[in-house]
Amino acid sequence: MFLKVQMPWNVIIPADSLDAKGLMLKKAIVIRLMDEFACKKAAKDLGYLMAVTALESIGEGRVRQNTGDVLFPVVFTGITFKMFRGEIQQGVVHKVLKHGVFLRCGPVQNIYLSHVKMPDYHYVPGESGMFMNDKHSKIEKDVVIRFIVIGTKWMEAEREFQALVSLEGDYLGPVS
Amino acid sequence: MLQIHSTSSARVQKIILRFLPSTRPLSSKSNSQTPRCSGMSGEEEENAAELKIGEEFLKAKCLMNCEVALILEHKYEQLQQMSDDPMNQVSQVFEKSLQYVKRFSRYKNPDAVRQVREILSRYRLAEFELCVLGNLCPETVEEAIAMVPSIKTKGRAHDDDAIERMLNDLSLIKKFE
């Protein structure tokens, strides 16, 4: 689910970017914010950080002692993406293995759907492999699947989320 | 990264169970360590099907894929105007998300997107429920209830007729988009 959230942040402007004309400050802050946003990628409680939509407020700048940079506490609105347990989403298969498939959904690249969670589907070996059920419905690379999220995990080292999903439920499975 | 090495399904089960501890889901475990996420107490299990997603997310504004597509495309255009090589400037997260929302937007026209939100807002839905419906566009009442089970619970008693009317209104927008 994509969310629009208001977040506090501390933006550090290096001394050499500070312009004598105060008008450039807002632009400098927005640019720094977007850069930091892009680098940070995701946060454990907010999800993936997508874009900054509005700068709500800029607090009083505090000069940092040793470096001479100025720290501005800001509040901004941004778009994030987070997967919730129990949520129904759509994703695309990008890898097929004997025991399950990997899906992508939005910025999340590692979503695992185990064969145990694909009722009535069985593995059909082949050049790229796929799963198929009695009604000849196929789960293979590039197929869109509607699934339910059964768990999410935050990987601190890679700064990304992984998810475990299932097809157990009505109206779940490949979508044409 | 999940690594599956053996062929036995019992082993696969073990891997899944290790990934998901039996006591409570991982996402609520991580929440209890962050003081900021006060919405989810340790006892309550996160479950979007019952709208148990933590207070701050219930109150947050959710966006449908089509709305996000308009916002991200606009941002991308802004970047194009500012630099010659916008793709270099955007992060992987932005790029992948833009691809995703463009592909999974049911409505492309900004007016249609506005109408969808307006129509769904007339029914007493939580932001989260509204967006799941707007994204998945169920065709029947049964499908809608399967996608968003909480619309039948939570004491708001949306009867089937109301749900059917909502789905009909949505499909009309699609027709005239």
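Numbered from 1 within each chain, the chains take letters A, B, ... in sequence-line order.
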Taking every non-hydrogen atom, the tightest pair across A:Phe84 and B:Glu46: CA-OE2, 3.4 Å
Verdict with reasoning, A:Tyr171 to B:Ile145, per side-chain contact (heavy atoms from CB on, under 4.5 Å): CA-CA 10 Å; A:Tyr171 300 95; B:Ile145 297 171; over 6 Å; no
Residue selection (most heavy-atom pairs with chain A, distance under 4.5 Å) from B:Met64, B:His74, B:Glu142, B:Gln92: B:Glu142
Nearest heavy atoms of B:Cys62 and A:Leu3, plus distance in Å: SG-CD2, 3.6 Å
Considering all heavy atoms, the nearest B:Ala48-A:Glu87 contact: CB-N, 3.6 Å
B:Val93 to A:Met50 - nearest heavy-atom pair and separation: CG1-CE, 3.7 Å
Positions in residues 99-118 of chain B that reach chain A, provided some heavy atom is under 4.5 Å away: B:Tyr100, B:Val101, B:Arg103, B:Phe104
Per-residue contact mode, B:Val68 against chain A (heavy atom under 4.5 angstrom): side chain
Part of B:Leu98 lying under 4.5 Å from any heavy atom of chain A: neither
N/O donor-acceptor pair under 3.5 Å between A:Lys41 side chain and B:Ser91 backbone: no
Chain A contacts, top residue of B:Ser97, B:Ala146, B:Pro149 (heavy-atom pairs, under 4.5 Å): B:Ser97
Structural part of A:Phe81 lying under 4.5 Å from a heavy atom of chain B: neither
A:Val149, part contacting chain B, at a heavy-atom distance under 4.5 Å: neither
Minimum heavy-atom distance A:Met1-B:Leu63, with the two atoms named: SD-O, 4.1 Å
Heavy-atom pairs under 4.5 Å with chain B, option from A:Val144, A:Val108, A:Val5, A:Ile88 with the top count: A:Ile88
Side chain / backbone / both / neither for A:Ile148 at chain B, heavy atoms under 4.5 Å: neither
Atom CD of A:Glu168 with >12 non-hydrogen neighbours under 6.0 angstrom: yes
Closest-packed option against chain B by number of heavy-atom pairs under 4.5 Å, given A:Ala42, A:Gly169, A:Gly91, A:Cys105: A:Cys105
Winner by heavy-atom pair count (cut-off under 4.5 Å) against chain A, out of B:Ile71, B:Leu136, B:Val132, B:Asn135: B:Leu136
Hphob cluster co-occupancy, A:Val175 + A:Leu167, side-chain heavy atoms under 4.5 angstrom: yes
B:Glu143 and A:Arg146 ion-paired at < 4.0 Å: yes
